[in-house]
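These notes concern the structure reproduced below.
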There are 2 protein chains.
Amino acid sequence: MSYLDIAEVARHSGLPASTLRFYEERRLIKSVGRRGLRRLFDASVLRQLALIALARAGGFALDEIAGMFAPDGRARIDRGQMRAKADELDRTIRRLKAMQAGLRHVAACPAPSHLECPQFVRMMRLAGAGRLKPPVESAKTGSKGKRRRR
Amino acid sequence: MSYLDIAEVARHSGLPASTLRFYEERRLIKSVGRRGLRRLFDASVLRQLALIALARAGGFALDEIAGMFAPDGRARIDRGQMRAKADELDRTIRRLKAMQAGLRHVAACPAPSHLECPQFVRMMRLAGAGRLKPPVESAKTGSKGKRRRR
DNA sequence: TTGCCACTTCAAGTGAACTTGAGGTCAAGC
DNA sequence: GCTTGACCTCAAGTTCACTTGAAGTGGCAA
């Protein structure tokens, strides 16, 4: 009775329907049936999508996340993997804090070039001590970055 | 005298030469000259690469980072932008902390399905309260994820 | 019964950040 | 003087996570 069609799931989750179809194809979620052509989802898919969002935020790739769900849709989670990710996240958070301090410094410090401000350089050294690849970017918080010259 | 060729910069920075060329093309760094065909970099490029890594970690796109360097290679930074990023980072850190708590919980909680553990669900709600897109993934910390069926 | 249109599939496209490959060059060592 | 091989350029390929577009379908209101 409490089945949701894709539009409702989209509305509740904030994800576009195309993404939901994509997630289903990648076996991150599954629909429980059809009404005609249309997918029907159990309401529990919303919690599952929340878990997926959480995992994505934690740095798991979609394939890894797919591996976390047993065929019945229940979470089947490798505790060691979780701990490892948590530790990694810990390091990431530390670096991000350093980065943040760096940014706030730059926003305040009047030095002409921050590369020459010893305080900034020190912070950078702290932040950079352990490399880090890609960024966390909040949903659609500005920074369109669309151009690509040449 | 203290000019570095690309291999030395690669060695010191940990970045492949291809990435350094790519960064130069994208105007994130520049070489100070050539010896024959070969690029020569000033040693200061290493600090600049550290700054770039920092900015990447902070969620800046390469184009944004390129915009932070004045033509002379000095940092030219928009303080408002910095503050905005710092605030964003703050939210990100908060979410990552929630995520981390969730992970540690999952690693410890004996519940059969975490989707049914009220504590976990509560944490998820906290963590997910404000969407978040892509992950922070540490350098090459395992998780090869290479396959792609179909 | 008809027609709308939100859904469907499948293939292809996008953007970010690189990586790879083919073919070329040149400083240095033999 | 020749060879070697690490560098060079430029184009194309790759991965991830989606998005877009064309063409089709079927439940439901009129």
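Residue numbers begin at 1 in each chain, while the letters A, B, ... track the order of the sequences.
Residues A:Y23 and A:L37 both approach DNA chain D. Their nearest nucleotides, taken by heavy-atom distance, put A:Y23 toward the 5′ side.
Between B:R26 atom CZ and C:dA17 atom C1' there is a gap of 8 Å when expressed in whole angstrom units.
Panel note: side chain A:Q100, backbone B:A86; a donor-acceptor pair is recorded below 3.5 Å. Side chain of A:E24 to backbone of A:S31: a donor-acceptor contact under 3.5 angstrom is found.
Between B:R35 and the phosphate of C:dA27, there is no side-chain N or O to OP1/OP2 separation shorter than 4.0 Å. Applying the 4.0 Å criterion to OP1 and OP2 of D:dT20, one finds that A:R21 has every side-chain N and O outside that range. Of the side-chain N and O atoms in A:R56, one or more sit less than 4.0 angstrom from OP1 or OP2 of D:dC18. Remark: B:S18 is not in phosphate contact with C:dT20, judged by side-chain N or O atoms under 4.0 Å from OP1 or OP2.
In this structure, A:R104 pairs ionically with B:D87, as a charged nitrogen and a carboxylate oxygen lie closer than 4.0 Å.
Out of C:dC7, C:dT9, D:dC7, the shortest distance to the side chain of A:R38 is found at C:dC7.
Residue A:A17 is out of contact with every strand shown, counting any heavy-atom pair closer than 4.0 Å.
When B:R35, B:R34, B:E8 are each tested for a side-chain contact (heavy atoms from CB on, under 4.5 Å) with B:L40, only one passes: B:R35.
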